[in-house]
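Read through the structure below, which is laid out as structure tokens, and then see the notes.
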Amino acid sequence: MVQPVPRSDGGSPVLVLPARVTREAVPVLCERLRCLLAEHRGNTATAAAPVTVVCDVSGPAGEPDAVLIDALARLQLTARRQGARVVLRGAGRPLRELIALVGLAGTLDRHGLGPAGLQMRGQAEEREEPLGVEEGVEPGDAAL
């Protein structure tokens, strides 16, 4: 189901997601990540150093869905519990937008963007001032 790719990306372990991620596959993916981290730490001299796992998300076909987002969030949680972190490689625009929409852009990093996570484009919507704030009151004005 889940095939780890031999070390690339400067020695970071790589986890490749299958073409279809199901709810039943999420615990299996998390266990595979734990094994990948244990294997990586066992093979390197810097076992205590923080590890970055590259999660290749170019495999899942079709539009991203809530199951894929759940899997990515659980993988990040699993990695953090192991003192590591997950960065995404191959995230298409629909997946990046869905990650931002559900509020995980700061949690799920895209490979190469650093700890800030996914970059947001555009500007935040400006809110209108509450009614009545624009008007000043002069001394002696009658109350309405």
Problem - Hydrophobic cluster identity match, Val102 and Leu17, side-chain contacts under 4.5 Å - result: yes
Exercise for the section: Start with the C-alpha distance between Val57 and Arg89, add both sets of side-chain angles, then the distance that settles side chain to side chain contact (heavy atoms under 4.5 Å, CB included), and finish with yes or no. Expected result: CA-CA 6 Å; Val57 293; Arg89 179 175 68 189; over 6 Å; no
Can you confirm whether [X] sits close enough to [Y] that some side-chain heavy atom of one is under 4.5 Å from a side-chain heavy atom of the other?
X      : Y     : answer
Leu104 : Ile69 : yes
Asp65  : Leu98 : no
Leu68  : Leu95 : yes
Pro13  : Val51 : yes

Problem - Considering all heavy atoms, the nearest Ala100-Ala105 contact - result: CA-CB, 4.1 Å
Fill in the blank from the handout: Test side-chain contact (heavy atoms from CB on, under 4.5 Å), reference Leu72, set Val26, Leu88, Leu29, output is Leu88
Exercise for the section: Check the surroundings of atom CZ in Arg34: do more than 12 heavy atoms from other residues, nucleotides or ligands lie under 6.0 Å from it? Expected result: yes
If I take atom [atom1] from residue [X] and atom [atom2] from residue [Y], how far apart are they, to the nearest 0.5 angstrom?
X     : Y     : atom1 : atom2 : result
Leu33 : Gln76 : CG    : CD    : 9.0 Å
Cys55 : Leu75 : SG    : CG    : 5.5 Å
Glu31 : Thr78 : CD    : OG1   : 9.0 Å
Leu36 : Gln82 : CG    : CD    : 11.5 Å

